[in-house]
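For reference, the structure is listed below as structure tokens.
Basis for what follows: all heavy atoms, side chains included, without hydrogens, waters or symmetry-related copies. Predicted, not measured: the structure shown is a model, and the values here were computed from it. Per chain, numbering begins at 1; letters A, B, ... match sequence-line order.
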Number of protein chains: 4
Amino acid sequence: MTYNNLLDSMIAEAKRSKKQTEKQQKIIETAIQLFAEKGYANTSTNEIAKQAGVAEGLIFKHYGTKENVLRSVILPFFKSSLPGMAEEVFAEVLPAETTTFEEFLRAFLYNRIQFFSENKQILQVVMKEIIYNESLKKELLPYLANEIRYRFRKAIETFKTKQELKNIPTDDVVNILLSVLGGFIISRFVIVDVDRIHEYEVEQLIQFIMDGIRQNDH
Amino acid sequence: MTYNNLLDSMIAEAKRSKKQTEKQQKIIETAIQLFAEKGYANTSTNEIAKQAGVAEGLIFKHYGTKENVLRSVILPFFKSSLPGMAEEVFAEVLPAETTTFEEFLRAFLYNRIQFFSENKQILQVVMKEIIYNESLKKELLPYLANEIRYRFRKAIETFKTKQELKNIPTDDVVNILLSVLGGFIISRFVIVDVDRIHEYEVEQLIQFIMDGIRQNDH
Amino acid sequence: MTYNNLLDSMIAEAKRSKKQTEKQQKIIETAIQLFAEKGYANTSTNEIAKQAGVAEGLIFKHYGTKENVLRSVILPFFKSSLPGMAEEVFAEVLPAETTTFEEFLRAFLYNRIQFFSENKQILQVVMKEIIYNESLKKELLPYLANEIRYRFRKAIETFKTKQELKNIPTDDVVNILLSVLGGFIISRFVIVDVDRIHEYEVEQLIQFIMDGIRQNDH
Amino acid sequence: MTYNNLLDSMIAEAKRSKKQTEKQQKIIETAIQLFAEKGYANTSTNEIAKQAGVAEGLIFKHYGTKENVLRSVILPFFKSSLPGMAEEVFAEVLPAETTTFEEFLRAFLYNRIQFFSENKQILQVVMKEIIYNESLKKELLPYLANEIRYRFRKAIETFKTKQELKNIPTDDVVNILLSVLGGFIISRFVIVDVDRIHEYEVEQLIQFIMDGIRQNDH
DNA sequence: AATGAATGAGTTTTCATTCAT
DNA sequence: AATGAATGAAAACTCATTCAT
């Protein structure tokens with residue numbers, strides 16, 4: 001990764017490969033699948049080529065390096081995951097005056113779980129590579145965190161005004177929520193590698209987040 | 001990984017390398033550091049040998065394969081991490097009749113955070129490899145989860161009897177706790193790669209786990 | 001090089017590509033530049049295509065192989081360099097009864113230096129490839145040498161008759177002259193890669209060739 | 001070539017590979033032969049390995065890159081060619097009060113011709129790569145030229161004092177001599193690729209250098 | 001126990017060339 | 001005439017592993 005700004009490079013990358021040919025698409029699909037299954041480092045370009053039914057050289061004609069293939073896998077995911085990261089949910093749910101924070105949280109969680117279970121493989125690739133790749137970690141993670149943090153902060157503030165939430169500093173609530181929600185999703189989809197998360201579990205999580213585990217009158 | 005049972009193989013491995021020579025220790029130290037930094041797949045035995053100041057051949061004299069080196073890195077970690085996983089904390093804390101769940105949770109959290117920050121690199125290696133390595137995932141994860149689950153269940157039941165905790169099914173509480181605590185520790189130490197976790201954060205987490213974020217009278 | 005007779009093949013080549021399109025010309029121009037800069041072997045057709053602003057396929061549509069591109073670079077150079085190699089100078093200079101050998105040599109040198117500094121890049125390509133390419137060496141070099149040798153021999157004989165030159169065997173004078181003049185031009189234009197050769201240097205060389213370096217009365 | 005100073009790098013290289021194994025020596029020998037025959041760019045490491053009877057990997061174990069192999073071929077040549085470049089000849093010949101410049105020139109020429117015909121292949125490699133490789137050209141050539149220039153200048157001055165040589169500026173004589181001698185040797189050994197240079201030719205060259213080709217009384 | 005030379009299969013990458021459009 | 005996607009053979013290089021000393 002020689003680009004200074006990874007996101008810029010990924011966006012540049014995306015523009016470069018505007019009109020994808022059929023084989024190009026097949027390469028990316030196969031790469032996603034194999035990277036998710038065995039990790040980037042354990043997947044050879046030869047393997048990708050064979051499974052995608054193309055000549056190995058074609059991968060390099062289109063993407064230049066193996067690392068660029070990884071980028072071309074990660075970028076569209078980011079482009080599509082980030083916007084949805086909360087924006088639309090916020091837009092949908094927040095306007096209603098009567099919406100409670102619990103309703104908002106529920107809407108957000110189901111929306112993201114839906115998205116990630118549809119893109120589980122790419123999520124796995126991204127997480128695995130973020131863990132391994134110092135530059136990816138350094139650039140994607142803060143970017144990602146900020147995007148979400150910003151939106152969450154707004155929501156929390158709104159509901160704090162409505163006296164729905166405890167008077168904990170907003171940033172702390174956001175941090176806790178990011179840890180808990182992120183931990184929940186990553187542990188399920190990446191570490192344990194489940195196929196789907198059951199409604200029951202989600203509801204339990206929501207209750208937990210809202211009220212904790214202490215017996216109220218204790 | 002050709003052993004059917006990884007844990008058995010690791011135990012066998014441990015016996016084999018009982019009395020470690022100085023160079024052997026240097027190899028393992030270096031391997032931990034490099035595996036943590038760059039991942040198992042991206043670390044060559046040549047690199048380990050150079051940095052450890054030994055001949056590459058020696059690694060294979062002692063460990064046979066590179067994968068065995070990984071095992072020899074992971075095993076002692078497991079041997080020492082599992083016992084502490086709750087057992088000792090339980091032993092320490094539970095006897096006192098007056099101990100609250102919050103106190104237990106606090107003791108447990110600080111104990112584990114202490115342990116993991118002292119062994120951050122190995123924790124990173126283990127997590128990274130669990131994510132990548134199907135057989136490791138399949139064998140270590142359930143084993144690990146069961147050990148913890150079993151101990152937590154006992155604690156939860158105890159405190160439920162004392163009416164300290166909500167009447168949620170024990171298994172669900174355990175699940176939630178595992179997700180939240182595991183997610184918290186992994187996101188901090190492995191994903192974000194912090195050097196230490198501040199007391200303030202821990203206390204916030206404990207409050208959150210106990211009481212959630214909802215304004216009580218709402 | 002599969003042709004037995006390189007020159008024949010080059011002539012065939014020349015006929016084949018009579019009416020050059022604009023893009024064809026751009027290809028050859030770019031090839032000359034890149035071959036001169038980095039050598040034939042280190043220049044890829046992809047590079048030529050990119051820099052010439054054409055599709056890589058077009059190079060092969062027009063020239064069939066990369067080696068044919070090289071030929072198409074070298075041939076016109078030969079076609080234009082050989083005639084001038086002495087012929088015209090001879091024609092110009094020799095007729096005058098009063099012309100001295102020194103004057104002839106001067107005219108020839110300036111003529112050739114002019115030509116080669118105008119075609120430095122191609123000269124470099126040709127020399128580099130002659131050095132590398134056995135078949136080019138075997139065919140072009142003797143051909144070239146003979147052409148020049150033949151013309152020089154005539155001139156030398158003429159001036160020997162006039163008692164202007166020492167009574168060294170004509171072939172030996174020609175050999176020495178070829179070595180010295182060739183060495184001079186090649187070392188300047190190809191090895192050192194100068195942009196131009198100064199008049200002062202040329203005059204010095206002429207003096208040297210004519211009278212050597214020994215103090216006359218010694 | 002990423003080193004700033006090529007000579008330093010080549011010397012470092014040489015130290016690194018102090019005690020050469022038999023196979024290492026075989027690799028270098030084969031590399032010299034193949035590089036000389038077909039040029040660096042046209043020789044594959046696979047070819048070198050096969051002809052040297054070693055595994056291809058060994059080349060990279062020892063030399064890291066193909067370019068380093070080239071360096072390891074060129075360096076010892078430089079180390080052994082430079083000192084002899086004139087020093088010893090000067091030491092041998094100059095002391096004698098009665099030595100003439102012609103005798104000095106003769107001694108020098110035969111010494112160098114002897115050396116280069118014994119090392120023709122490496123000379124070819126060096127010259128070919130100097131022509132192709134910008135950084136080699138930029139660093140080796142001036143270094144080489146200076147070494148020789150310096151020694152020649154001293155000799156010329158000595159003989160000028162003795163009134164043996166024409167009163168041409170020393171630097172100009174040196175330049176001409178370098179061109180002529182260099183051109184002679186390179187054209188013979190590298191361009192034409194002769195196996196040996198005959199005494200007759202050398203004597204002719206010496207006469208030419210000393211007295212030129214003009215009929216004295218003309 | 002320790003070295004380090006050597007191996008060979010595998011990996012990423014390059015590149016001249018072909019071909020459908 | 002011109003494009004550019006696609007090929008496949010070969011290139012440079014990596015690396016876990018073996019083995020003689």
Side-chain angles (χ1 to χ4, degrees), chain A residues 19-24 26-27 41-49 52-69, chain B residues 19-24 27 41-50 52-69, chain C residues 19-24 27 41-50 52-69, chain D residues 19-24 26-27 41-49 52-69:
Chain A
K19 22 184 165 56
Q20 289 203 330
T21 66
E22 223 170 289
K23 302 225 169 188
Q24 233 175 116
K26 202 77 185 42
I27 289 168
N42 294 317
T43 306
S44 70
T45 51
N46 167 45
E47 222 173 337
I48 299 174
V54 305
E56 203 175 352
L58 191 60
I59 296 177
F60 292 90
K61 259 275 141 73
H62 283 311
Y63 301 98
T65 64
K66 189 187 165 193
E67 185 137 11
N68 257 346
V69 177
Chain B
K19 27 185 164 45
Q20 289 203 332
T21 66
E22 219 171 294
K23 302 224 167 191
Q24 237 178 109
I27 290 169
N42 293 318
T43 305
S44 68
T45 51
N46 168 48
E47 224 173 336
I48 298 174
K50 250 182 203 142
V54 304
E56 204 176 350
L58 191 60
I59 296 177
F60 293 89
K61 269 270 140 55
H62 282 312
Y63 302 97
T65 66
K66 188 188 166 193
E67 187 135 16
N68 261 344
V69 177
Chain C
K19 28 182 163 42
Q20 290 202 330
T21 66
E22 216 170 296
K23 302 225 169 192
Q24 237 177 111
I27 290 169
N42 294 317
T43 305
S44 69
T45 51
N46 168 48
E47 224 173 336
I48 299 174
K50 250 182 204 144
V54 304
E56 206 176 349
L58 191 60
I59 296 177
F60 293 89
K61 267 270 139 56
H62 282 312
Y63 302 98
T65 65
K66 187 188 166 192
E67 185 135 16
N68 261 344
V69 177
Chain D
K19 19 183 168 51
Q20 290 202 329
T21 65
E22 225 170 287
K23 301 225 169 188
Q24 234 176 115
K26 202 78 186 41
I27 290 169
N42 295 318
T43 305
S44 71
T45 51
N46 168 47
E47 222 173 337
I48 299 174
V54 304
E56 202 176 351
L58 191 60
I59 296 178
F60 293 91
K61 258 277 140 72
H62 284 312
Y63 301 98
T65 65
K66 189 186 164 195
E67 184 137 13
N68 257 347
V69 177

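Checking the phosphate oxygens (OP1, OP2) of F/dA1, no side-chain nitrogen or oxygen of C/T21 falls inside 4.0 Å. Residue D/K66 has a polar side-chain atom (N or O) positioned under 4.0 Å from OP1 or OP2 of F/dA12. A sub-4.0 Å separation between OP1 or OP2 of E/dA1 and a side-chain N or O of B/K61 is absent.
Base pairing annotation: F/dC15 forms a Watson-Crick or G-U wobble pair with E/dG8, both donor-acceptor distances under 3.5 Å. A 3.5 Å limit on both hydrogen-bonding distances identifies F/dA9 as the Watson-Crick or G-U partner of E/dT14. Pairing for E/dA1 is absent, judged as Watson-Crick or G-U wobble with the two contacts each under 3.5 Å.
Where B/A41 and A/A55 meet DNA chain F, the nucleotide closest to each residue was compared, and A/A55 sits on the side nearer the 5' end. For the pair B/L58 and D/E56, both in contact range of DNA chain F, the more 5′-proximal nearest nucleotide belongs to D/E56. Checking B/G53 against D/G57, the closest nucleotide of DNA chain E that is more toward the 5' end is the one next to B/G53. Sequence order on DNA chain E of the closest nucleotides to C/T43 and A/E47 puts A/E47 first from the 5' end.
When all heavy atoms of C/A41 and D/A41 are compared, the closest pair comes out as CB-CB, 3.7 Å. Nearest heavy-atom pair, A/T45 versus A/E56, reported as atom, atom and distance to 0.1 Å: OG1-OE2, 2.7 Å. Looking at every heavy atom in both residues, C/V54 comes nearest to C/K23 through CG1-CD, 3.7 Å. When every heavy atom of A/V69 is checked against every heavy atom of A/Y63, the shortest pair comes out as CG2-CB, 3.6 Å.
In this structure, the nucleotide among F/dC13, E/dA5, E/dA20 sitting nearest to the side chain of D/H62 is E/dA5. Comparing E/dA16, E/dT7, E/dT12 by their nearest atom to the side chain of D/V54 picks out E/dT7. Comparing F/dA16, F/dA12, E/dT13 by their closest approach to the side chain of D/T45 singles out F/dA12.
Among the heavy atoms of the strands lying under 4.0 Å from A/S44 are primed sugar atoms or P, OP1, OP2 only; no base atom is included.
Between the C1' atom of E/dG10 and the CD1 atom of A/I48 lies a distance of 15 Å, rounded to the nearest Å. Following rounding to the nearest Å, A/I27 (CD1) and E/dT12 (P) show an atom-to-atom distance of 14 Å. Atom C1' of nucleotide E/dA5 and atom CG of B/N46 are separated by 13 Å, given to the nearest angstrom. Taking atom CZ of residue D/F60 and atom P of nucleotide E/dT7, one finds them 14 Å apart after rounding to whole Å. Distance CG (C/N42) to P (E/dA16): 11 Å, rounded to an integer number of Å. To the nearest angstrom, P of F/dA20 lies 13 Å from NZ of D/K23. In this structure, CD1 of A/I59 is placed 16 Å from P of F/dA5, rounded to the nearest angstrom. Computed from coordinates, the D/E67 CD to F/dA11 P distance equals 18 Å when rounded to whole Å.
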Run the numbers on A/H62 and A/T21 for side-chain contact (heavy atoms from CB on, under 4.5 Å), then give the verdict. CA-CA 10 Å; A/H62 283 311; A/T21 66; 4.1 Å; yes

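The CG atom of B/N46 lies 5.5 Å from the NZ atom of D/K61; values are rounded to the nearest 0.5 Å.
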